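Below is one structure, written out as structure tokens; the observations come after it.
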Amino acid sequence: MSDTQSGKFGEYGGQYVPEALMPAIEELTDAYERYVLNNEDGFVDEFRERLRDFGGRPLPLQYADQLSARYDTDVYLKREDLLHGGAHKLNNALGQVLLAKYMGKERIIAETGAGQHGTATAMAAAHLDMPCEIYMGETDINRQRPNVFRMRINGAEVNPVTVGRGTLKEAISETMRDWATTVENTHYVIGSIVGPHPFPVMVRDFHSVISEEAREQVQEQTGRLPDSVIACAGGGSNTMGAFHNFVGDDDVDLFAVEAGGSSLSVDETEGVAPNSASLSTGDEGVLHGARTKLLQDSDGQIMESHSVSAGLDYAGVGPELAHLVDEGRVTPVNVDDDTALEAFHRLSQDEGIIPALETAHAFGYLEEDHEDVGDVTIVNVSGRGDKDLETVIEETAQRDLETAVDMSVFDGMHGGM
Amino acid sequence: MFERDEPAFVPYLAAGDPDYDASKAYVEALARGGADVIELGLPFSEPIAEGPTIQGAIVRALEGGMTPDRYFQFVEELDVDVPLVCMTYYNLIYQYGQSEASASNASGETASERGPGPFVRRAAEAGLTGFVVPDLPAEEADPLRAACDEFGLDLVFIVAPTTEEERLARLMDLTSGYVYVQARLGVTGARDDVSDQTAGSLGRLDDWDVPKAVGFGIKTGDHAERIVAAGADGVIVGSALVDIVAEGHENGDAVEAVADRLAAKARELKAGALDGWERRREDHAVATDEG
């Protein structure tokens, strides 16, 4: 049985949800098989058409001159930041909202960390005329205000989640509670390759257009496959999107760059991991519907994670990615907050691309350790950094970064943006 | 797990809410008040099936230092003589004993399979009689069912209003002790009315040979009466009791005073259930006479 049918990746994956949700999960599995896998009623054709006309696909694979010179390797950028909404997230949000429509659902709910998934879902829901509510942790609302505005402007309700530390983990739990109450008419658009089957395979399939295009483009432009593909990994949706069509190419190395935060060590007593590196440091467990690698204490309580990037700040990771790491097919690496910020400024100045802080982690790996990437590497530019400017200004002001421009020009502007 | 000649009152509290000693007094008060089985929550950091009331209890218990090992100690120290069912989430069951297992693996002494075995063994030692695991559907339950069989514990499954007929057969095969009938969609939480869905939900389980306990939204003796009159063998009440604990905690009330209120609430709910049982008997007698 293939993973698309079983929902299992080795020991990982599965469906760990309350009984009340199981019929909805079964209904969704059936809809995924009919519409997404078998293109019933022309679903895939409509999805592709909307990705093209509304989303702006295909997106370029751009040769990066300065970075290539600096790192002495040919660096190609897969420009998901140019997708409508400014991040890869629309691929999945559009796919799921359209699927909900095919299924006859009347309402959309979603959770968001950095706000990119919430924004993409709000846009897709507005585009397809579906009412939409987004759950977002209060901490994240405060550090990602531009995206909160965008969601509201697109007509979505934004519900603040105040429990715990008020980040993505809490928002996911809250959205699952809403779904358990409203499951008969509501579809929950999960924002990454996490959650119960079929979400991990379905979200991966919607994002696999990234590697489908990149694989074709790199061959057109260089006449060969790349030596490596690099992508940042929080939950892992852009990662699996960028990797999926290269997984079978054994000569292509796949690097998943996690958030090393301020440290890889863990404070067990406080239940806090000052990083979000569940692939590198996590342990197998069950969270939010799936068995996967998690940041947890020795009792199995889920830890609070940390990253300067809200979009990577999650205690779990997709089960497929966890499996590919165990198999040795994907190499998990991580860079800390400082390196990600260094890379943020480097890419902004050298290439004229302001990356999302998530994406900056992928470039941080290149900045820090580019010996293993080979002669041709593709970096997935998962999103643009407009949403992060406030955070970057504040965080940079607290550090002495070699790559940053003079930050004093922003004095007094904090909070005013 | 239930006596069959009267309706069961099954209260829930989170162990350790708001602290270890008070919580022990509260659980014992429920037993004094007439509890027939107690569902004792082992708090997990991500309780996705719970509403705000029980989530609050879980947060207080975790902040008070509740852990799986403390929980087993808590169970061992309780002075109650009713069956205790552990209500928790699968990750805690799955992780228990793993750090010791991997330490011994590292030293090459024993190779231990990761799974629910160590937790279930410890639960049996502590004197627990079964489990309710809200995030473990039938699809993923085989390892826990096998461990429960090995150590002689019951595994209670939840049947939801949305559960379709074909799933019922699978759940019936896996369930032991009693079946938890979810009275309405949603998460846990006290409500002001009794769902009309209850009689319909119970009717679907006519051929199950385990007792049927109804939970979600039951708050008063009157609710309990109506639920039992509608055909339930027992009522499960959580949020209405947790509310009493939370209020006492917020007001800084003495533990004894809160315990008394819990015992009184338990008596009200048990009496309601008994009234419902009586009403059902009368209705049955009338129906038999008329028939």
Side-chain angles (χ1 to χ4, degrees), chain A residues 6-8 11 13-27 29 162-165 169-170 172-186 195-197 268-269 271 283-292 294-304 315-316, chain B residues 42-52 55-56 58-59 62-63 66-71 88-100 102-103 114 119 133-141 157-164 166-167 170-171 180 182 184-189 216:
Chain A
S6 72
K8 300 272 183 177
E11 288 295 302
Q15 298 173 314
Y16 296 84
V17 293
E19 173 60 27
L21 292 179
M22 279 309 296
I25 294 286
E26 286 179 348
E27 184 190 356
T29 306
T162 54
V163 293
R165 206 163 58 87
K169 171 168 80 69
E170 289 82 14
I172 292 179
S173 292
E174 201 60 34
T175 319
M176 286 213 164
R177 290 192 188 100
D178 179 317
W179 202 28
T181 314
T182 58
V183 61
E184 286 166 314
N185 70 351
T186 297
H197 176 69
E268 270 251 356
T269 357
D283 192 18
E284 188 185 337
V286 174
L287 176 66
H288 293 143
R291 188 186 292 192
T292 185
L294 303 173
L295 299 176
Q296 57 186 325
D297 67 16
S298 55
D299 287 330
Q301 303 291 3
I302 307 307
M303 294 219 181
E304 296 295 348
Chain B
L42 164 58
F44 176 53
S45 56
E46 316 301 318
I48 57 171
E50 315 297 348
Q55 192 186 15
I58 285 171
V59 169
L62 286 172
E63 283 173 355
M66 187 47 76
T67 65
D69 281 325
R70 296 267 287 159
Y71 176 86
T88 194
Y89 286 76
Y90 194 58
N91 197 46
L92 297 189
I93 296 176
Y94 186 68
Q95 291 304 327
Y96 189 78
Q98 297 308 324
S99 45
E100 290 151 41
S102 52
R114 196 183 257 277
F119 187 92
V133 189
D135 66 341
L136 191 71
E139 282 69 9
E140 309 289 352
F157 279 87
I158 298 171
V159 170
T162 44
T163 303
E164 282 159 8
E166 55 266 37
R167 294 185 58 76
R170 179 92 202 276
L171 287 167
Y180 189 138
Q182 186 179 328
R184 68 183 74 233
L185 272 184
V187 291
T188 54
F216 274 53

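Note that the structure is a prediction, hence the values are computed from the model and not measured. Every chain is numbered from 1 and lettered A, B, ... according to where its sequence line falls, protein lines coming before strand lines.
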Of all heavy-atom pairs linking B:Phe44 and A:Ile302, the shortest is CZ-CG1, 3.8 Å

Closest heavy-atom pair, A:Arg177 versus B:Pro47, reported as atoms and distance to 0.1 Å, is NH2-O, 3.1 Å

Just by modelled atom types, is the A:Gly300 backbone N or O under 3.5 Å from a matching donor or acceptor in the B:Asn91 side chain?
yes

NE2-CD1 distance between A:His288 and B:Ile48, expressed to the nearest 0.5 angstrom
6.5 Å

Between A:Ser173 (side chain only) and B:Glu46 (backbone N and O only), is there a donor and an acceptor less than 3.5 Å apart?
no

Pick one of side chain, backbone, both or neither for B:Leu171, based on which atoms fall under 4.5 Å of a heavy atom in chain A.
side chain

Quick check on the interface: out of A:Arg291, A:Met303, A:Glu174, A:Glu184, who has the most heavy-atom pairs with chain B under 4.5 Å?
A:Arg291

Please determine whether a side-chain nitrogen of the Lys or Arg among A:Glu26 and B:Arg167 lies less than 4.0 Å from a carboxylate oxygen of the Asp or Glu.
yes

Taking all non-hydrogen atoms of both residues, which atom of B:Ala49 and which atom of A:Pro18 are closest, and how far apart?
CB-CG, 3.9 Å

Hey, what do you get for OH (B:Tyr89) to CG (A:Leu287), rounding to the nearest 0.5 Å?
12.0 Å

Below 4.5 Å, heavy-atom pairs only: which of B:Thr67, B:Thr163, B:Ile93 has the largest tally toward chain A?
B:Thr163

In Å, rounded to the nearest 0.5 Å, how long is the span from CD of A:Glu284 to OH of B:Tyr94?
3.5 Å

Just do the side chain to side chain contact (heavy atoms under 4.5 Å, CB included) check on B:Thr162 and A:Val183 with the steps written out, would you?
CA-CA 9 Å; B:Thr162 44; A:Val183 61; 4.1 Å; yes

State whether the side chain of B:Glu139 and the backbone N or O of A:Gly14 hold a donor-acceptor pair below 3.5 Å, judged by distance alone.
no

Ignoring hydrogens and geometry, is there a side-chain-to-backbone donor-acceptor pair from A:Glu19 to B:Ala138 under 3.5 Å?
no

What distance do B:Gln55 atom CD and A:Glu170 atom CD have between them, rounded to the nearest 0.5 Å?
9.0 Å

Contact part of A:Ile25 toward chain B, heavy-atom cut-off under 4.5 Å: side chain, backbone, both or neither?
neither

Might you point out which heavy atoms bring A:Asp283 and B:Gln95 nearest each other, and give the distance in Å?
OD2-OE1, 4.0 Å

Applying a strict 4.5 Å limit to non-hydrogen atoms, the region of B:Pro137 in contact with chain A is both

